[in-house]
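Note that the numbering runs from 1 along the sequence shown for the chain.
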Amino acid sequence: MLWVKAFHIVFIASWFAGLFYLPRIFVNLAMVPPESVAERERLLLMARKLMRFTHLLAVPALALGLWLWLGYGIGLGSGNGWMHAKLLVVLLILGYHHACSRMLRRFERGENRRGHVWYRWFNEAPVLMMVVAVLLVVLKPF
C-alpha cells in the first residue's frame, strides 16, 4: 500500500504542477498584443503541450487514489467525513482542470474575453484546493 500512496503523491504533485503553470501561460496570452502573432503562437504551443501532459498525469493520479480508497478501504466506514470533503475537493479540481481546457480552446479560437488580472486570480484556486485536500487527508478533522 505504501508504494501506491507514494506514486499517488508523485502523480498528484506532477498534475498540480501543470494546473499551477497553465494559468500563468494564460496570463501571458491575455497580455499579448494583437500584432504579436509569433509570441501568441509560441505561448499557445506551450499551453497545448502542458495541457496534454497535465491530462496524462491526472489519469494515474486519479486511478491510484481510487485504488487507495476502494482497494485498501482508506476513508471507508464511519467516522470518515473527511473523505467525503476530500472527494468534493477532487471534483472541484477536476472542474478546474476542465475549465483550463475550455479556456485554452477559447484562446486558440481567439475568443478570450478576460484580462490578465482575472487569470492571475484564477491561478490561485488550485493552491487553495491543494491546501484543503492535504489538510483533510493529514488532519482528518471529522
Begin from the C-alpha positions of Phe53 and Tyr21 and carry the test ring-ring contact (aromatic ring centres under 6.0 Å, His included) through to its verdict. CA-CA 12 Å; Phe53 188 63; Tyr21 193 66; over 10 Å; no
Surrounding CZ of Phe20 (heavy atoms of other residues, nucleotides or ligands, distance under 6.0 Å), is the total greater than 12? yes
Nearest 0.5 Å please: distance from the CG atom of Leu66 over to the CH2 atom of Trp69. 7.0 Å
Go through Met51 and His97 one step at a time and tell me if the side chain to side chain contact (heavy atoms under 4.5 Å, CB included) criterion holds. CA-CA 9 Å; Met51 184 91 269; His97 185 129; 3.6 Å; yes
I'd like to know whether Tyr119 forms a side chain to side chain contact (heavy atoms under 4.5 Å, CB included) with Arg24, so could you lay out the CA-CA distance, the side-chain angles of the two residues, the decisive distance to 0.1 Å, and finally the verdict. CA-CA 7 Å; Tyr119 289 107; Arg24 295 301 308 160; over 6 Å; no
Hey, could you give me the NE2/CD1 distance between His98 and Ile93, rounded to the nearest 0.5 Å? 16.0 Å
Are any of the side-chain nitrogens in Glu108 or Arg48 under 4.0 Å away from the carboxylate oxygens of its partner? yes
Tell me, do Glu39 and Met31 make a side-chain contact under 4.5 Å, heavy atoms counted? no
Short side-chain donor-acceptor distance under 3.5 Å, His8 and Trp67: no
Do the side chains of Thr54 and Leu22 get nearer than 4.5 Å, heavy atoms only? no
Residue pair Asn123 / Val27, side-chain heavy-atom distance below 4.5 Å: no
hydrophobic_cluster_shared for Val127 and Ile12, side chain cutoff 4.5 Å: yes
Measuring from Cys100:SG to His55:NE2, what's the distance to the nearest 0.5 Å? 9.5 Å
Give, for atom CG of Asn28 and atom CZ of Arg42, the distance between the pair rounded to the nearest 0.5 Å. 8.5 Å
So, taking the atom named CG in Asn80 and the one named CG in Leu136, what distance separates them when rounded to the nearest 0.5 Å? 12.0 Å
Treat each ILVMFWY residue as a node, draw an edge where side-chain heavy atoms are under 4.5 Å apart, and state whether Leu68 and Leu94 are in one component. yes
Just verifying a value: how many Å separate Leu104 CG and Ile25 CD1, rounded to the nearest 0.5 Å? 9.0 Å
Side-chain contact test, heavy atoms from C-beta onward, threshold under 4.5 Å: evaluate it for Phe26 versus Arg114 and give yes or no. no
Flag side-chain contact, heavy atom, 4.5 Å: Ile74 against Met1: yes
Determine, using ring centers only, whether Phe11 and Phe16 are less than 6.0 Å apart. no
Does Lys5, at its NZ atom, have more than 12 non-hydrogen atoms belonging to other residues, nucleotides or ligands within less than 6.0 Å? no
Is Tyr96 close to Leu92 at the side-chain level, that is, under 4.5 Å between some pair of heavy atoms? no
Lys140 side chain to Val137 backbone, donor-acceptor under 3.5 Å: yes
Give a yes or no on whether Arg102 atom CZ has more than 12 heavy-atom contacts from other residues, nucleotides or ligands under 6.0 Å away. no
State yes or no: do Val59 and Leu64 share one hydrophobic cluster built from I, L, V, M, F, W and Y residues joined by side-chain heavy-atom distances below 4.5 Å, directly or via other members? no
Find out whether Leu29 and Asn112 are in side-chain contact, i.e. whether some heavy atom of one side chain is under 4.5 Å from a heavy atom of the other. no
Same cluster or not: Leu70 versus Val89, using hydrophobic residues (I, L, V, M, F, W, Y) connected whenever any side-chain heavy atoms lie under 4.5 Å apart? yes
Correct closest heavy-atom pair for Ala61 and Trp15 would be CB-CE3, 4.0 Å
Would you say that Leu139 contacts Trp82 through its side chain, given a criterion of any heavy-atom pair below 4.5 Å between the two side chains? no
Return yes if some donor-acceptor pair links the side-chain N/O of Ser36 with the main-chain N/O of Val32 below 3.5 Å, else return no. no
Flag yes if Val90 and Val138 sit in one hydrophobic cluster, no otherwise; membership is Ile, Leu, Val, Met, Phe, Trp, Tyr, and two members link when side-chain heavy atoms are under 4.5 Å apart. yes
Given the side-chain rings of Phe122 and Trp118, with only the six-membered ring counted for Trp, is the space between their centroids under 6.0 Å? yes
Is it the case that atom CZ in Phe7 sees more than 12 heavy atoms from other parts of the structure closer than 6.0 Å? no
